[in-house]
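This report refers to the structure that appears directly beneath it.
Throughout, numbering of the chain's residues begins at 1 and tracks the sequence. Note that the coordinates shown come from a computational prediction; the quantities given were computed from them, not determined experimentally.
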Amino acid sequence: MSLAIAIAIAVAVTTDPNFLPPCAMTVRYNWPTFKTLPYPVYFRYDEFDAQTAWVPHRHDWGTLNYVANGVMQLEIEGARYLSPPQYAVWIPPKAAHASFNAHAVIYRSVYIDASLANVLPSHAATLRISGLLRAILSDFAERGVASPRTDADKRLAQVLVDQLALAPAEPRFLPQANSPALVRILQALQSEPGDNRTLAQWAQTASLTERTLARHCLVELGMTLGQWRQRLRFLRAIEGLEAGHTVKSIAFDLGYATPSAFIEMFTRQSGLTPEQFRRQTILGEGHGGTV
């Protein structure tokens, strides 16, 4: 199910009491009711079942959305974002947003008061989560800390904000294209991520020169076509690992000639080998069930 369809169904469920969703989908709208944050940095933890959608809403504070397990799709002010593990999505104060996860996820969010949010991007962005940020989020989740109360926890909360301000930011993990030719190419790759055609071969199918297609990718995506395809494969690999598929089968399905080439790509994207990722972020081994 696409993000747009899921959000449309969620809105229909909440506005029309007689509307019955066409599939087994959970609609969430039970965000906190407080008007001001209990503490300038406030932490939330949850687990969402597969096929869960949040209806569009907005807050007076900024929100960091981080998924320790799985992938969440978000729509922020009409633009689509993805939040895979190792990355988080920053939502500025007052920005309208909604979300959908096709598979079950372990969810973490941090509400950051507008007075602190000025050190973070003024627009929605994807942030790379460092090991230190992951450790703070994991520690607070394991101890159930929502509002920091001790001096030590307050210092950790400030470190988290400082680290977020330093985190590499990019518009989206998997950007979308605007030009019809590039849109068709990306749609073809999404249908068959194992397609190994070169830039020159894709350019020929789109009746473009190789240089023109490369320029479209850099201008519209902010990266090369090969980098975009690699990120797509990373997301599909996560889905395969969550489904219990072997590393070898995932590698071949995604177009890699050898499992070792796939493992190298996955490790570069996540900092973990596929099996380490499966044990730590999917099975929760060695982390008390959280990451």
Side-chain angles (χ1 to χ4, degrees), residues 2-4 7 44 48 54 56 58-59 61-103 105-112 116-134 136-137 160-178 182 186 189-190 193 217-239 265-272 277 281 291:
S2 71
L3 174 62
I7 293 174
R44 289 191 66 202
F48 301 155
W54 283 83
R58 66 181 77 228
H59 305 298
W61 47 80
T63 305
L64 183 79
N65 283 271
Y66 172 64
V67 177
N69 174 322
V71 177
M72 178 177 284
Q73 304 177 62
L74 297 103
E75 182 179 281
I76 307 171
E77 297 291 359
R80 179 174 175 261
Y81 293 80
L82 291 171
S83 179
Q86 317 304 327
Y87 291 84
V89 175
W90 165 246
I91 305 173
K94 300 185 184 301
H97 55 283
S99 68
F100 173 69
N101 53 280
H103 303 282
V105 299
I106 296 176
Y107 175 75
R108 311 276 182 256
S109 66
V110 185
Y111 292 163
I112 299 177
L116 298 177
N118 56 3
V119 300
L120 293 166
S122 59
H123 50 79
T126 301
L127 303 179
R128 177 112 193 175
I129 297 299
S130 67
L132 178 56
L133 284 169
R134 257 194 327 272
I136 294 174
L137 290 167
L160 181 136
V161 174
D162 294 340
Q163 286 294 305
L164 287 175
L166 298 174
E170 52 191 77
R172 306 178 202 177
F173 181 79
L174 199 66
Q176 296 173 299
N178 297 315
L182 186 51
L186 299 189
L189 281 171
Q190 288 177 320
C217 291
L218 292 177
V219 171
E220 298 177 40
L221 306 178
M223 63 187 72
T224 67
L225 183 63
Q227 290 169 331
W228 191 94
R229 176 168 53 194
Q230 189 174 93
R231 290 189 174 200
L232 173 66
R233 288 175 171 178
F234 173 61
L235 295 175
R236 295 297 175 83
I238 292 174
E239 293 176 358
M265 177 282 294
F266 194 94
T267 304
R268 188 165 55 249
Q269 286 287 338
S270 69
L272 300 169
F277 184 92
T281 70
V291 175

Does Met223 form a side-chain contact (heavy atoms from CB on, under 4.5 Å) with Arg231? I'd like the steps, not just the answer.
CA-CA 11 Å; Met223 63 187 72; Arg231 290 189 174 200; 3.8 Å; yes
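- Pairs engaging residues 116-128 under the salt bridge (Lys or Arg N to Asp or Glu O under 4.0 Å) rule: none recorded [sequence neighbours left out].
- Ile106 has its side chain within reach of Arg108: a pair of non-hydrogen atoms, C-beta onward, lies under 4.5 Å apart.
- Scanning both residues, Ile129 and Arg134, for their nearest heavy atoms gives O-NH1, 3.2 Å.
- The residue from Leu74, Val89, Val67 that alone fulfils the side chain to side chain contact (heavy atoms under 4.5 Å, CB included) condition with Ser99 is Leu74.
- His97 pairs by the side-chain hydrogen bond (donor to acceptor under 3.5 Å, both in side chains) definition with His57, not counting sequence neighbours.
- Partners of Ala237 under the side-chain contact (heavy atoms from CB on, under 4.5 Å) rule, at least two apart in sequence or in another chain, are Ile250, Leu254, Phe262, Phe266.
- Not one N or O on the side chain of Arg44 forms a donor-acceptor pair closer than 3.5 Å with the backbone of Val110.
- We find the CZ-CD1 distance between Arg233 and Ile238 to be 15.0 Å, quoted to the nearest 0.5 Å.
- Arg236 is linked by a salt bridge (Lys or Arg N to Asp or Glu O under 4.0 Å) to nothing, counting only residues two or more places apart in sequence or in another chain.
- Of the possible polar contacts, one joining the Trp90 side chain to the Pro121 backbone as a donor-acceptor pair under 3.5 Å is found.
- In this structure, the ring pair (Phe, Tyr, Trp, His ring centres under 6.0 Å) partners of Phe48, at least two apart in sequence or on a different chain, are Trp54, Tyr107.
- Side-chain contact between His59 and Lys94: absent, with no pair of heavy atoms (C-beta onward) separated by less than 4.5 Å.
- With sequence neighbours left out, the side-chain hydrogen bond (donor to acceptor under 3.5 Å, both in side chains) criterion links Arg58 to no other residue.
- A cation-pi contact, defined as under 6.0 Å to the ring centre and within 45° of the axis, links Arg172 to Tyr81.
- Rounded to the nearest 0.5 angstrom, Leu221 CG and Leu174 CG are separated by 8.5 Å.
- The backbone N or O of Ile91 lies less than 3.5 Å from no partner atom in the side chain of Thr63, so there is not a single donor-acceptor pair.
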Distance-only donor-acceptor hits, side chain of residues 160-168, under 3.5 Å, sequence neighbours excluded:
residue	atom	partner	partner atom	Å
Asp162	OD1	Gln158	NE2	3.0

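- With sequence neighbours left out, Ser122 forms a side-chain hydrogen bond (donor to acceptor under 3.5 Å, both in side chains) with no residue at all.
- A distance of 12.5 Å separates CH2 in Trp61 from CD1 in Ile112, rounded to the nearest 0.5 Å.
- Distance check: Leu186 CG to Leu225 CG gives 7.0 Å after rounding to the nearest 0.5 Å.
- Among residue pairs with one or both ends in residues 221-230, those qualifying as side chain to side chain donor-acceptor pair (under 3.5 Å) are Thr224-Gln227, Gln230-Gln269; sequence neighbours excluded.
- Formation of a donor-acceptor pair under 3.5 Å by the Glu220 side chain with backbone atoms of Ala177 is not found in this model.
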Show your working on side-chain contact (heavy atoms from CB on, under 4.5 Å) between Leu272 and Thr267 and close with a plain yes or no.
CA-CA 5 Å; Leu272 300 169; Thr267 304; over 6 Å; no
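- For the atom pair Leu137 CG and Leu133 CG, the distance stands at 6.5 Å (nearest 0.5 Å).
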